[in-house]
Amino acid sequence: GATEGRVPAAPAGSGATAASAPNHNVELQIRLDRMQALLNQVLARQQHQQEEHQHQQEEQRQIQALYDQQRQQQLRQQQEFEQDHHQLQALQDQQRQQEELQQQVRQQQQQHQQ
């Protein structure tokens with residue numbers, strides 16, 4: 001018989017029986033699909049956040065590189081300025097010495113004239 005091995009359909013609301021099992025499977029499948037969709041969304045969001053993070057890190061690296069470059073430039077300019085300053089001071093010292101010498105020479109000449 002065709003009816004052998006088949007459980008008669010249970011009245012509605014009698015709980016999970018063989019008859020409601022296919023329904024139950026469909027519900028499970030729907031829930032699994034929903035969970036999978038949520039999971040995919042979460043993964044996509046994480047992927048996006050990761051890309052954003054990498055993008056930010058790259059920007060940070062570029063900013064740091066620019067900052068380092070400027071710092072180097074400032075240090076170079078500072079050194080150049082100090083060198084110029086030293087040279088200027090040396091020149092001023094020389095000038096002062098020359099002026100003092102000239103004054104001494106003038107004083108000596110005046111003494112000789114007297």
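Heavy-atom basis, side chains included; hydrogens, waters and symmetry copies ignored. For clarity, every value in this text was computed on a predicted model and none was experimentally measured.
- Separating the CD atom in Q60 from the CD atom in Q62 is a distance of 10.5 Å, to the nearest 0.5 Å.
- The NE2 atom of H55 lies 12.0 Å from the CD atom of Q57; values are rounded to the nearest 0.5 Å.
- Atoms CG and CG, on L28 and D33 in that order, are 10.5 Å from each other to the nearest 0.5 Å.
- Residues that satisfy the side chain to side chain donor-acceptor pair (under 3.5 Å) test with Q56, not counting sequence neighbours, are absent from this structure.
- For the residue pair Q46 / Q50, no side-chain donor-acceptor distance below 3.5 Å is found, with atom types taken as modelled.
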Kindly indicate, with the supporting measurements, whether the criterion side chain to side chain contact (heavy atoms under 4.5 Å, CB included) is fulfilled by E27 and I30. CA-CA 5 Å; E27 269 182 53; I30 289 171; 5.6 Å; no
Just distance, no hydrogens or angles: give the donor-acceptor pairs under 3.5 Å from side chains in residues 91-111, sequence neighbours left out.
| unit_1 | atom_1 | unit_2 | atom_2 | d |
| --- | --- | --- | --- | --- |
| D93 | OD1 | R96 | NH1 | 3.0 |

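- Atom CD in E80 sits 7.0 Å away from atom CD in Q77 (nearest 0.5 Å).
- From L75, atom CG reaches atom CD of Q70 across 12.0 Å, with rounding to the nearest 0.5 Å.
- Between the OH atom in Y67 and the CD atom in Q72 there is a gap of 11.0 Å [rounded to 0.5 Å].
- Taking a 6.0 Å sphere around CD of E51, one finds it holds more than 12 heavy atoms contributed by other residues, nucleotides or ligands.
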